[in-house]
Amino acid sequence: MLGTFDSIQKIYYMILAIIGVPVNLLAIVILSRGKCGLSTCTTRYLVAMAAADLLVIITEVLLRWISYYYFPGSFLDITPVCTVIVVLICAATDWSVWFTVTFTFDRFVVICCQKMKTKYCTEKTAAVVLATTCVLLSLKNVPFYFSFEPAEVIDNVPWGCPDKPSYYTEPSWMAFDWFDTISSPLLPFTLILAFNALTVRRIVVASRVRKGLRGQNKRGNRIDPEMESRRKSVILLFTISGNFILLWLVYIADFLYYNITGSDPGGYNESEFVFRRVGYMLLILSCCTNTFIYGVTQSKFRAQFKNLVKYPVTSMIQRINKQNS
């Protein structure tokens, strides 16, 4: 069973690397051009999310799993190097998670807090929020550097970086593990659900009021531009946050399982091990899906994507035509 699952992982991470890097780069380029009909504030959050997702693919998939499966024994497996890589993985994953939260909160403010909207939903505020979040999460992940030990020492060179056994037994490390998982993803998970619930409640109330004022319940189905704009914004918000919640569920279930039962993940049986690995596979997949979400929910993003893909071909044709003329 484990051998088959290992082969699946090998193919899976290669596909993620091939797809994840270009789609996130495309998302960064397209969104940065500011031609998708989104506010500058929203654009900043979406670009930050795409950049964080790209870093997760680079660190987690390329430097960790592709190296493990296709380049075993490389310098990336030296203990000081792989511990730094793990810290970068943890930081990048946290950035991806919390940038989703900041985006969700921004949409919540836009829809539910009209008085706060003009001051909070600005390009400058978005930059400050993202920078502060990035710095705090980077500092939070520094202790991970000290949670590993060499698997073996060959010619005075330490190799590998498994968890120290004390990480799952010492109260200080157990407390840190709880803090780490509560801060990402349990707290973000809860906040996203709460903000979305409040947003839905606000939209339902506002929709009823506007329908009453416009008399839509009696005079047919006239299009309300403001409600249509809100509808598009909400579709983007709920699709992104819903995708995050679904793809992180297995990881959260595993965390609750080994803490409630007191199990040591290092001693998992085959089924428990596969369940844990599937959780990691799904949460990494969440770093490749936002670009597809933009494409499905945003017509202007699709148009910009088509133009970007066609650009090399059209520019080559124009050059050929100039040379011929």
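We use all heavy atoms of the structure for the numbers below, so side chains are in, but hydrogens, waters and symmetry mates are not.
- Within a 6.0 Å radius of OH in Tyr70, more than 12 heavy atoms belonging to other residues, nucleotides or ligands are found.
- No single ILVMFWY cluster, assembled from side-chain heavy atoms under 4.5 Å apart, contains both Leu285 and Val23.
- For Phe255, the ring-ring contact (aromatic ring centres under 6.0 Å, His included) partners are Trp178, Tyr258, not counting sequence neighbours.
- Remark: the backbone N or O of Val157 is not paired with any side-chain donor or acceptor of Asp155 at under 3.5 angstrom.
- Between the side chain of Asn141 and the main chain of Leu137, a donor-acceptor pair closer than 3.5 Å is present.
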Task: Worked check of side chain to side chain contact (heavy atoms under 4.5 Å, CB included) between Phe103 and Leu236 - done: CA-CA 11 Å; Phe103 167 72; Leu236 178 62; 4.2 Å; yes

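- For Arg107, there are no salt bridge (Lys or Arg N to Asp or Glu O under 4.0 Å) partners at least two apart in sequence or on another chain.
- The minimum heavy-atom distance linking Phe99 with Ala52 is given by the pair CD1-CB, 3.8 Å.
- Between Glu149 and Pro165, the closest side-chain pair of non-hydrogen atoms falls below 4.5 Å.
- Note: Tyr120 and Phe105 meet the aromatic proximity criterion, with ring centroids under 6.0 Å apart.
- Side chain of Gln304 to backbone of Phe301: no donor-acceptor contact under 3.5 angstrom is found.
- In this structure a side-chain-to-backbone donor-acceptor pair under 3.5 Å is present from Thr93 to Ile89.
- Taking Tyr251 as the reference, Trp248, Tyr280 meet the ring-ring contact (aromatic ring centres under 6.0 Å, His included) condition, with sequence neighbours excluded.
- Here the straight-line distance linking atom SG of Cys113 with atom CZ of Arg202 works out to 8.5 Å at 0.5 Å rounding.
- Between the Thr289 side chain and the Ser286 main chain, a donor and an acceptor come within less than 3.5 Å of each other.
- To the nearest 0.5 Å, atoms CZ (Phe179) and OG (Ser184) are separated by 10.5 Å.
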TODO: I would like to know whether Cys36 and Thr43 meet side chain to side chain contact (heavy atoms under 4.5 Å, CB included); could you show each step before the answer?
DONE: CA-CA 9 Å; Cys36 296; Thr43 299; over 6 Å; no

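- Between Ile240 and Tyr294 there is a side-chain heavy-atom pair separated by less than 4.5 Å.
- Annotation for Gln114 and Ile111: closest pair NE2-O, 3.6 Å, computed over non-hydrogen atoms.
- Sorted by first and then second residue, the pairs that involve residues 156-165 and meet side-chain hydrogen bond (donor to acceptor under 3.5 Å, both in side chains), not counting sequence neighbours, are Asp163-Tyr168.
- Side-chain contact between Leu62 and Val21: present, with at least one pair of heavy atoms (C-beta onward) separated by less than 4.5 Å.
- In plain terms, the two heavy atoms of Ala17 and Ile57 that are nearest each other are CA-CG2, 4.4 Å.
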Task: Full working for ring-ring contact (aromatic ring centres under 6.0 Å, His included) between Phe148 and Tyr167 - done: CA-CA 9 Å; Phe148 303 102; Tyr167 184 81; 7.7 Å; no

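- We find the CE-CD distance between Met281 and Gln9 to be 5.5 Å, quoted to the nearest 0.5 Å.
- Residues Val81 and Val84 do not share a hydrophobic cluster, clusters being chains of Ile/Leu/Val/Met/Phe/Trp/Tyr side chains in contact below 4.5 Å.
- Nearest heavy-atom pair across Phe244 and Pro185 is CZ-CB, 4.3 Å.
- There is no path of hydrophobic side-chain contacts, each under 4.5 Å, that joins Ile15 to Phe71.
- Tracing side-chain contacts under 4.5 Å through hydrophobic residues (I, L, V, M, F, W, Y), one never reaches Ile66 starting from Ile85; they form parts of separate clusters.
- Phe146 pairs by the ring-ring contact (aromatic ring centres under 6.0 Å, His included) definition with nothing, not counting sequence neighbours.
- A search for salt bridge (Lys or Arg N to Asp or Glu O under 4.0 Å) contacts involving Asp177 returns nothing, not counting sequence neighbours.
- Crowding of Phe305 atom CZ: a count of heavy atoms from other residues, nucleotides or ligands under 6.0 Å not exceeding 12.
- Applying the ring-ring contact (aromatic ring centres under 6.0 Å, His included) test to every pair with at least one member in residues 34-57, sequence neighbours left out, gives no pairs at all.
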Task: Intermediate values then yes/no, side chain to side chain contact (heavy atoms under 4.5 Å, CB included), Leu237 and Phe195 - done: CA-CA 10 Å; Leu237 166 64; Phe195 290 143; over 6 Å; no

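- The main-chain N or O of Thr118 is never found under 3.5 Å from a side-chain atom of Thr122 such that the two would form a donor-acceptor pair.
- In this structure, Ala50 and Asn24 approach most closely via the heavy-atom pair O-OD1, 3.7 Å.
- Considering only heavy atoms from C-beta on, Leu31 comes within 4.5 Å of Leu38 through its side chain.
- Rounded to the nearest 0.5 angstrom, Leu198 CG and Leu193 CG are separated by 11.0 Å.
- No side-chain heavy atom of Asp254 sits less than 4.5 Å from a side-chain heavy atom of Val250.
- Contacts of Arg277 classified as salt bridge (Lys or Arg N to Asp or Glu O under 4.0 Å), with partners at least two apart in sequence or in another chain: none.
- Separating the CE atom in Met49 from the SG atom in Cys287 is a distance of 10.0 Å, to the nearest 0.5 Å.
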Task: Full working for side chain to side chain contact (heavy atoms under 4.5 Å, CB included) between Cys41 and Thr125 - done: CA-CA 8 Å; Cys41 180; Thr125 300; over 6 Å; no

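- Across all their heavy atoms, Ser138 and Cys134 have their closest contact at OG-O, 2.7 Å.
- The list of side-chain hydrogen bond (donor to acceptor under 3.5 Å, both in side chains) pairs with a residue in residues 95-106, not counting sequence neighbours, reads Asp53-Ser96.
- Val135 forms part of a hydrophobic cluster together with Leu139, judged by ILVMFWY side-chain heavy-atom separations under 4.5 Å.
- When the side chains of ILVMFWY residues are joined at heavy-atom separations under 4.5 Å, either directly or via intervening members, Val87 and Val56 end up in two distinct hydrophobic clusters.
- The salt bridge (Lys or Arg N to Asp or Glu O under 4.0 Å) check on Asp77 picks up nothing, with sequence neighbours excluded.
- Once rounded to the nearest 0.5 Å, the distance linking NZ of Lys300 with CD1 of Ile30 reads 14.5 Å.
- Atom OH of Tyr68 is surrounded by 12 or fewer heavy atoms from other residues, nucleotides or ligands within 6.0 Å.
- For residues 17-37, the set of pairs meeting the salt bridge (Lys or Arg N to Asp or Glu O under 4.0 Å) definition, not counting sequence neighbours, is empty.
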